[in-house]
Protein chains: 2
Amino acid sequence: MVRAGLTTERVVRAGAELADEAGFDQLTVSALARRFDVKVASLYSHVKSSQDLKTGIALLALEELADRGDAALAGRAGKDALAALGNVYRDYAREHPGRYAAAQLRLDPATAAASAGVRHARMTRAILRGYDLTEPDQTHAVRLLGSVFHGYVTLELGGGFDHSAPDTQETWTRVLDALDALLRNWPAT
Amino acid sequence: MVRAGLTTERVVRAGAELADEAGFDQLTVSALARRFDVKVASLYSHVKSSQDLKTGIALLALEELADRGDAALAGRAGKDALAALGNVYRDYAREHPGRYAAAQLRLDPATAAASAGVRHARMTRAILRGYDLTEPDQTHAVRLLGSVFHGYVTLELGGGFDHSAPDTQETWTRVLDALDALLRNWPAT
DNA sequence: GCATTTCCCTAAAGGCTTTAGGCAAATGGG
DNA sequence: CCCATTTGCCTAAAGCCTTTAGGGAAATGC
């Protein structure tokens, strides 16, 4: 009997691909076993549970996203940096909808703290260096940017902007314009 | 044998309660049958499928949200209206996390068109009457507001803002301030 | 009072998750 | 090179969920 050469790494990566292709809600250990042409139980040597598999995909996505973010932010500041990071999230979600959905999973505190999630907060904060904000407004702005990026990407991907003009690319550009303007003219308390 | 008095309406409503209490991902037809102390197959006379039940809860949530929105917007304009609608979403999501999660389901186009979803777009657009925006910026702004409301509520509910000062209520207030300022000083193309 | 409709039931098939235990393939020390 | 150990995938089985088919009893109305 020829072995399939499974490893946790490869199982999680294949799970991410399956989620991207079939949708995150279609991701099951059974479907993944079929993809490897292997019996279901075999996967349980590499993955503790279905939940564990999903968490693994979430961690993978968070890391890939953070890597892209770091690369995009290098050498950029101000509005350039803002648009670059926004595009990273938007493009990633379009390319990898399943992974992006996984990245929204609620992780338990310990896992979250050890994840690339902290890099995301740092990246957003880095953008704000190009604007004149001090604490606590900086934190407020970090949260606002996170909300807009996540909210926009989710709604667009979910089809919330379908069937209405103008097209979403134009809106996205103008949203970035608006955020830049807002950060340059942040209202005083 | 005493009948349980099931109707589609009551099944969906109980499903919404179950989703709120146990989490949307814990919502199953089986769990719902247990709650009614009835056999699983009995529910299938009132609900076509598990998916159908979830869709029913989504439609219920969209309608409840729209009702609350209409009530909150009545007699308000400008920043007052902006804050009122934002609070409707935020409060609803906190009170009814399961329903709110259901409301994010992707509905098929026909169902979506017949849902209260269209009222939501109208409500957001109504807020903008208090600001000086013309098309296409009005649509851009509608989408931005939708993104912020949805994104903020989702992140806050998902614990994305936990373990970091300042508290989320303060941020929420300042986010509304910021959105108001942005709408009053919307950048020109 | 009886026929019809409505409602909930039993039964059963099929899929997913997860655990337990087994055999065969890879690995490596003697 | 051989044999022992480790590793990897398998079979088997239990439990829960979804969904459909068909039956019997309660409610309804003539």
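Atoms considered below: every heavy atom in the structure, side chains included; atoms not considered: hydrogens, waters and symmetry mates. To find a chain, count down the sequence lines: A is the first, B the second, and so on, and within it residues start at 1.
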I need the [atom1]-[atom2] distance between [X] and [N], as an integer number of Å.
{"X": "Leu6(B)", "N": "dA26(D)", "atom1": "CG", "atom2": "P", "answer": "16 Å"}
{"X": "Lys39(B)", "N": "dC8(C)", "atom1": "NZ", "atom2": "C1'", "answer": "11 Å"}
{"X": "Lys54(A)", "N": "dC16(C)", "atom1": "NZ", "atom2": "P", "answer": "12 Å"}
{"X": "Glu9(B)", "N": "dC7(C)", "atom1": "CD", "atom2": "P", "answer": "15 Å"}
{"X": "His46(A)", "N": "dC10(D)", "atom1": "NE2", "atom2": "C1'", "answer": "12 Å"}
{"X": "Phe36(B)", "N": "dC9(C)", "atom1": "CZ", "atom2": "P", "answer": "12 Å"}
{"X": "Leu43(A)", "N": "dC16(C)", "atom1": "CG", "atom2": "P", "answer": "13 Å"}

So, is Ser45(B) near the phosphate of dC8(C), with a side-chain N or O under 4.0 Å from OP1 or OP2?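 Answer no for this pair, as no side-chain N or O of Ser45(B) is under 4.0 Å from OP1 or OP2.
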OP1 or OP2 of dC10(D) versus the side-chain N and O atoms of Ser42(A): is any pair under 4.0 Å?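 Checking dC10(D) against Ser42(A), a side-chain N or O does come within under 4.0 Å of OP1 or OP2.
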Kindly determine whether Trp172(B) and Tyr152(B) satisfy ring pair (Phe, Tyr, Trp, His ring centres under 6.0 Å), including the steps that lead there. CA-CA 8 Å; Trp172(B) 176 244; Tyr152(B) 190 93; 4.9 Å; yes
Please say whether more than 12 non-hydrogen atoms of neighbouring residues, nucleotides or ligands are located less than 6.0 Å from CG in Asp67(A).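 It does: Asp67(A) CG has more than 12 such atoms within range.
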Using the test ring pair (Phe, Tyr, Trp, His ring centres under 6.0 Å), find all partners of Tyr100(A) that sit at least two apart in sequence or belong to another chain.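 Partners of Tyr100(A) by the ring pair (Phe, Tyr, Trp, His ring centres under 6.0 Å) criterion come out as none, since no residue qualifies.
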Report the residues that fulfil ring pair (Phe, Tyr, Trp, His ring centres under 6.0 Å) with His120(B), sequence neighbours left out, ordered by chain and then residue number.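 Counting only residues at least two positions away or on another chain, His120(B) forms a ring pair (Phe, Tyr, Trp, His ring centres under 6.0 Å) with Tyr89(B).
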Protein and nucleotides 16-20 of chain D: nitrogen or oxygen contacts under 3.5 angstrom:
from    : atom 1 : to       : atom 2 : distance (Å)
dC17(D) : OP1    : Arg34(B) : NH2    : 2.7
dC17(D) : OP2    : Arg34(B) : NH2    : 2.7
dT18(D) : OP1    : Val29(B) : N      : 3.3
dT18(D) : OP2    : Val29(B) : N      : 3.3
dT18(D) : OP2    : Ser30(B) : N      : 2.9
dT18(D) : OP2    : Ser30(B) : OG     : 2.9
dT19(D) : OP2    : Tyr44(B) : OH     : 2.9
dT19(D) : OP2    : Ser50(B) : N      : 2.6

When you compare the side chain of Thr168(B) with that of Arg90(B), does any pair of heavy atoms fall below 4.5 Å?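 Yes - at least one pair of side-chain heavy atoms lies under 4.5 Å apart.
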Hey, does Arg125(A) have a side-chain heavy atom less than 4.5 Å from the side chain of Thr139(A)?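 A side-chain contact exists here, since the closest heavy-atom pair is under 4.5 Å.
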